[in-house]
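Down below is the structure, laid out as structure tokens.
When reading the values below, keep in mind they use all heavy atoms of this one structure, side chains included, and skip hydrogens, waters and symmetry mates. Counting from 1, the numbers follow the sequence of the chain as shown. Keep in mind that what you see is a predicted model, and the values were worked out from it rather than measured.
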Amino acid sequence: MSSADCVCLESTVRVGGNCECREGYGFEGSACQPCELGTYKDVAGNVPCRLCQNLRDNTGTLFKGSTSPGECQCQAGYMELDGRCVACPAGFFCNAGQAFPCPAGATSAVGAGKAVEDCLCQAGYYFNSSASPSPCTLCPRGFYKENVGNDAACPKQCSTNANSAIGSTSAMNCSCDSGFYAEVDPRLLEIVRCIDCNTGALANMDCGGGLDDFRLYNHTGRHALPVAQEGFFQAGTAIALKCRVKTPNGSNACLGSQEINAHCYPNCSWAEDELGNRCAEGSEGFLCSRCPAGWARNGLQAPCAACQPTDLTLAASVVLDVSAKVAVHFLVASMAATAAVRNSGKLHTSMIRMATQWMSACSVMGAFDLDQLRSSIFAASKPSEDRDAGFPWPPEVQEAMRDFIDFTSVVGLTVSVQFALQCFAERQFPEMPASKAKNLAVGSYLLALPLLTALASVLLCALAVYLVVPCAKRRGVTFNEVGRRKRAKAKALKELHQRLDAPLQGLGLAWRDLEDSNILHTSLTALQETLRTSEGPSKFLQLALAGTPPLLLKALQGRARLRGFHLPHVEDEVLATVADEKLAMAEDCESLLELVLQSFEALLQQSTETPSESEEVEPTSMTPWLTCYETIHSINLVGDLDVDEGMDCLNFGLFHEKPSPCRLVQESIPVIWIGLISIWPILLSGFLQLLWCVPMAENQGDEVLRLVPSPDVRCEAESQAYGLPATLATAGLLLWCLGIPLTLMLRVLAITDRQAPHVLQRYGYFMQGYEPKFWYWDLLVKRLDVALMMLFTYTAIVPDSEAKLLLFPVLSGIQVIATAWLKPFINNQAEILDMLEVVLGTVRFILFSSVSALLILQPGTGATYVIAVLVLLMLVVSFSFVSVHIMAQFLRHAAAQHPPTGTGLLARVRSLQHATLRSIVPTFQKAADESVEIEWSFEDHVLSAPMAGSSVLPRAASFWDSMRLKGWKALRSVRAGVLRFHPAKQYTEMMRAHEDFTAFLLQEPDASGVPCVPSESLKILCALATASRDLPHRLAKKQVGKAWLLGVLAISEHAGLKRTCTPEELERAEGRLVQMPKEDAKRLIRSVARVCAGSFRCSVMAELEHEGWVHPGEPGQAANASALRETLLSEWEAAGVTEDKTTKSVETAPAEVSLAVRSNASLDSDSETPRPQTVKHEELDARDEQIQRLTEEAEKLRREQQEQTETLEKQVAEADELRTKLCEALKQLQTLQQAQAKASQQAEPQMRMPATQKEPTSERDSSRPLLRDDVRRMGSQSPRTHPAGPKLTPRKQI
């Protein structure tokens, strides 16, 4: 068989007779094998397959046994590009040299995509085989997938309260929901947690969420930060501070913050800083508190305004500010100096000062933003997100409280110097930082303000004394009490002249006759009382005729000539006796003349007869008009007692007539002191505000001390804007705020008699309303209280606001406890001042304690709102309560004012005012049935105080009438309780007045050095209270003692008459005693004690005289009373003259000394007040010797007076003992008379005297006047006979 007959295998082909490997098969060893992938063989033969790579890289075949080079294509994962095979791009899979995209949401690596299975789901997609058309599905919201892969779900989720968009690929795609903000990891810029914006700490911020905020991009990425609301300034990521600067229209200068988006990042023209804060026009900087260049503001919260391009504004502002303050201080000093001489009994000045100080202490509450406080106290146990929760104090209550404090506080000047100062400083120091220049200018002005005030006070006083007073005097206007009383007296005399013109002509008299008789030299009070009624002038003329014998004689002689007979001259004593006898029977002047003339006609008819002896007839008792006139006439012997000859001649209560410049400066001291004390709170708050640094949270919560008036200024030692102004403020605090009250207190402390009129004239403003031993209360205690409140408020001693509010209740509690314990105020009107101070202090304590308790307990928003409203209502009610009492003090003596007289518009206005007051007064004064009255008399041993009356319904009253009466009683009871004249309060007031009077007596020992109290101290107090009822409300303090004694002597003339006095009058009498000079008070009490003892002795002697027990030659009741009256008045006059000589002091000056020489007569004359005489320096030695000599004489006279006093006290003690024995004798006498009467009734009828039979008496003819001889014969007449009884002398019987 030949080779040609062989059959080749399928993998071979015959070549030249041999079977060799065919195309597509390569010879491998001894057999033909198919070409592997990536190889080919295009010829037959026993040769190997060729590689496609030899042709080009990354090629291959799709199948084995490739037979041509054309079958060499790009490998899977590669694609043919420009004849080359390149790697398949990402997101594609490549096959057969072609690239096919991966399904939606899928991707592949470069060169990795050989088939569709090689495509993997991208980040943000997960594999879902059932999905169509692509198995890769976007991740849902809140989930994200960071890697590429065919995960069955997105494996990661955003944190709580965070969300993400569909298909999120990382944690940075997560953002907090609306109402939350992200706490971001500053390194990874990923959310750590989402914080709720609805907590208290972020109550003033809005959180929108999202990822479109480029603020603090480097720290928080694009995560949206909270946005501050309008009225707040964003100081950090989640920190919003309250803005208190206002715009001119009243809105807040802070417009809030705003997100910064990519369009204006990183520089946004509208943003103040990188937190996106916005400020209104005219404000800029931190908290929008800095004014732009060329702008300034009046105060801390005032809006900025454009400066004026002139420095005249500063000069005008300073002059207006200082002059307005000094004018007010001048008026206050004048009123205080007048009150030093006169005491009206009103307490409204003390109440106003008390309310002002209370509001000053409570006003520090307005410095805190209560709705911005942190409720962090005792918060360790609370969740961390609640520890910084805000204090839920209602903002509307906060604003209402500030408005109320501003309304009730003392209104300041509308023109502030700060604006002009800041503008001036900015213009003068352009190279200096604006904040430093402005604060330095304010501190310098405050440091110079006391000097400016003192200088302006002296200049204003000089203007008033050297210009206003002379000009006003030329027009008939005076500024002293003497001048005003001269004008008032001249006006009253003119009106009296007009009303007496016709009666005088009818009597044959002229006005000149009244002037010559000196009857017109009476007090102004008597003239005004005379003119008050229509019959007053007629009564005055009638009393003038009866009390002035020469005037009466002239009228009688004129009337006698008309009747055709001549009336000879009659002695004054006889004429006065006859007039006194006929006065009670006369109705007017005509009838008085007729009665007196008839008596003299009878006398002329009997002139030839020998006057027969007649029995003594007791003189007719005086009418109240005559008694009133004689009392007034006695008072007028030394001038009007309601005029102080030394103090009332001073213009404005301060200045002599045309004093020298040195004397003017001395007399201006009260104005200067009141001015310095008045500006003391302004200085204190102003200096402290220059040091007022508070920690303010910034950035991520870091606290930085910033100056509150200029928050741009950091309180750091190296800060130029803070250092120098702080130094000025510290110097001002030490020099003025500490020096002014300390110097004034030491000056008053050095004074021995602080109740002397000249001392009260200078320093009475600071001691008015306080007990004498608590004179320092206003200067030390109240100043310290206000200073501590302001110190803790306006400084960083206690840096935390919450801690300050916790400290305030402690300070308030100490103040109210001290006041309630010590009771520093005077006890007038049932201790009303002490009560008001305790009430206001308690309200203040409750105010601060309520805020502190809410901070500690955190009861919730609802409870906090209710408590806040109640606290506000409490403040309003307390202020209204004080206002009612102040109104009651203003209307205290309104009912006693006389209705105005005259015609014209001004008179009508005054009449309307008087009618209005009369309608309002009953509301503030107790009615007659609400008064507790003490019944007493000089002869009583027991004093009674009956309960106030009450309304009683009739039996037939209906139910509604009963209910109306009960309601009316309830309202009256509430009114009486509020105004403190409830019967229980009146009884307490009565006991308190007696206790204080006893304590006052115990303070003054007798001659032996042992304190003593008269046995009838309450009766003495009742006598003083009853007599003080008729004293003028405004009485010269130097004249109080004598006027009071005259009043007691007047009421002692009717010792047996029942009298009444109220507890309020007892209290007022005790208060007046305390305010009197000590020597006058002791002398007055001793005199009244003698009057009480003498009146009782006279009453006993009258009873003994009636019973026939008077020893022959023993003086009668009238003689004893008259002698006692004359003795007391003469002793008082002697003591008063001596005291005037010894108490006058000479105030020296370096150059000269001015002394005003006055006389009592000049006070009542029509001439001008004499000018003060100037004593040169060389005359001082002689004057000192004279004062020394007068002092020695006064000491000698004092010793003699003390000896007389001891003797009189012994006599009073003997009189008390005699009174006791006389009372026992009277009781025995009554028993004997009863036994005698019983025996007489049992006797025989014929032994009795017939009823018609009378004991023979001898009566003097009433028509015959009492002559001097009759008076002489009275001593020789035998005593009057009495009914049957023992004829024993009282001395033997006793």
Test Asp206 against Gln229 for side chain to side chain donor-acceptor pair (under 3.5 Å), laying out the working first.
-> CA-CA 7 Å; Asp206 297 328; Gln229 298 175 359; 3.1 Å; yes
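- Put simply, the side chain of Ser134 never gets that close to the backbone of Ala131: no donor and acceptor are under 3.5 Å apart.
- Minimum interatomic distance between Cys243 and Phe233 (heavy atoms only, all atoms of both residues): SG-CB, 3.5 Å.
- Across all non-hydrogen atoms, the minimal contact from Ala803 to Val798 is CB-CG1, 3.5 Å.
- Remark: side-chain polar atoms of Arg244 are paired, donor with acceptor, to backbone N or O of Ala367 under 3.5 angstrom.
- Sulfur-to-sulfur, Cys254 and Cys279 sit at least 2.5 Å apart at their SG atoms.
- Put simply, the side chain of Arg714 does not reach to within 4.5 Å of the side chain of Leu705, judged on heavy atoms.
- Put simply, OH on Tyr126 and SG on Cys136 are 10.5 Å apart, with the number rounded to the nearest 0.5 Å.
- Residues Cys119 and Thr107 form no side-chain contact, since every pair of their non-hydrogen atoms from C-beta on lies 4.5 Å or further apart.
- For Asn95 (side chain) and Ala76 (main-chain N/O), no donor-acceptor pair under 3.5 Å exists by modelled atom type.
- A 4.5 Å side-chain heavy-atom check between Val184 and Glu190 finds every atom pair outside the cut-off.
- Not one N or O on the side chain of Ser289 forms a donor-acceptor pair closer than 3.5 Å with the backbone of Ser710.
- Side-chain atoms of Lys804 come within 3.5 Å of backbone N or O of Phe792 as a donor-acceptor pair.
- Here the shortest heavy-atom pairing between Thr793 and Trp692 reads O-NE1, 3.3 Å.
- Here the side chain of Glu426 pairs a donor or acceptor atom with the backbone of Gly294 at under 3.5 angstrom.
- The backbone N or O of Thr247 sits nowhere less than 3.5 Å from a side-chain atom of Ser251 that would complete a donor-acceptor pair.
- Using a 4.5 Å heavy-atom cutoff, the side chains of Phe232 and Met205 are not in contact.
- Closest non-hydrogen pair, Ala123 versus Thr169, comes out as O-CG2, 3.2 Å.
- The shortest side-chain heavy-atom distance between Gln418 and Asn298 does not fall under the 4.5 Å cut-off.
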Could you please spell out the steps behind the side chain to side chain contact (heavy atoms under 4.5 Å, CB included) verdict for Met789 and Leu811?
-> CA-CA 8 Å; Met789 297 292 291; Leu811 299 177; 3.9 Å; yes
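- Residue Phe845 comes nearest to Ser812 through the heavy atom pair CA-CB, 3.9 Å, listed as atom of the first residue, atom of the second, then distance.
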Take Ser435 and Asn439 through the test side chain to side chain donor-acceptor pair (under 3.5 Å) and record every step on the way to the result.
-> CA-CA 6 Å; Ser435 299; Asn439 291 337; 5.6 Å; no
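- When side chains are defined from C-beta on, Cys158 does not count as touching Asn163, because their heavy atoms never get closer than 4.5 Å.
- Residues Phe100 and Phe92 place their aromatic rings such that the two centres sit no closer than 6.0 Å.
- A 4.5 Å side-chain heavy-atom check between Phe808 and Leu847 finds every atom pair outside the cut-off.
- Distance check, rounded to the nearest 0.5 Å: CG of Leu120 to CG of Asn150 gives 5.0 Å.
- Atoms OG and OH, on Ser168 and Tyr144 in that order, are 9.5 Å from each other to the nearest 0.5 Å.
- Under the salt bridge (charged side-chain N to carboxylate O under 4.0 Å, His left out) criterion, the residue pairs touching residues 156-172 are Glu146-Lys156, with sequence neighbours excluded.
- For the cysteines Cys94 and Cys88, the sulfur (SG) atoms lie within a distance shorter than 2.5 angstrom of each other.
- A salt bridge between Arg706 and Glu698 is present, with a side-chain N of the basic residue lying under 4.0 Å from a carboxylate O of the acidic one.
- Rounded to the nearest 0.5 angstrom, Glu183 CD and Ile191 CD1 are separated by 10.5 Å.
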Apply side chain to side chain contact (heavy atoms under 4.5 Å, CB included) to the pair Phe368 and Val851, showing each step before the final yes or no.
-> CA-CA 11 Å; Phe368 297 91; Val851 177; over 6 Å; no
I would like to know whether Tyr722 and Thr727 meet side chain to side chain contact (heavy atoms under 4.5 Å, CB included); could you show each step before the answer?
-> CA-CA 9 Å; Tyr722 175 73; Thr727 304; over 6 Å; no
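- Using a 4.5 Å heavy-atom cutoff, the side chains of Val843 and Leu875 are in contact.
- Taking CZ from Phe93 and CD from Glu117, the interatomic distance works out to 8.0 Å, rounded to the nearest 0.5 Å.
- Note that CG of Asp800 is 9.0 Å distant from CG of Leu805, once rounded to the nearest 0.5 Å.
- Taking both residues in full, the closest heavy atoms of Met401 and Leu872 are given as CA-CD1, 3.9 Å, listed atom of the first, atom of the second, then distance.
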From CA spacing to verdict: side chain to side chain contact (heavy atoms under 4.5 Å, CB included), Asp196, Asn161 = CA-CA 9 Å; Asp196 189 1; Asn161 300 319; over 6 Å; no
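- With Asp712 as reference, Arg290 is the one residue of Lys436, Arg290, Lys438 to meet the salt bridge (Lys or Arg N to Asp or Glu O under 4.0 Å) rule.
- The environment of Lys114 atom NZ is sparse: at most 12 non-hydrogen atoms of other residues, nucleotides or ligands sit within 6.0 angstrom.
- When the shell of 6.0 Å around CE of Met172 is examined, it contains 12 or fewer heavy atoms from other residues, nucleotides or ligands.
- Judged by distance alone, with hydrogens and angles left aside, the side-chain atoms of Ser257 form a donor-acceptor pair with the main-chain N or O of Ala228 at under 3.5 Å.
- Across the pair Cys207 and Cys176, the gap between the SG atoms, which is the quantity tested here, reaches or exceeds 2.5 Å.
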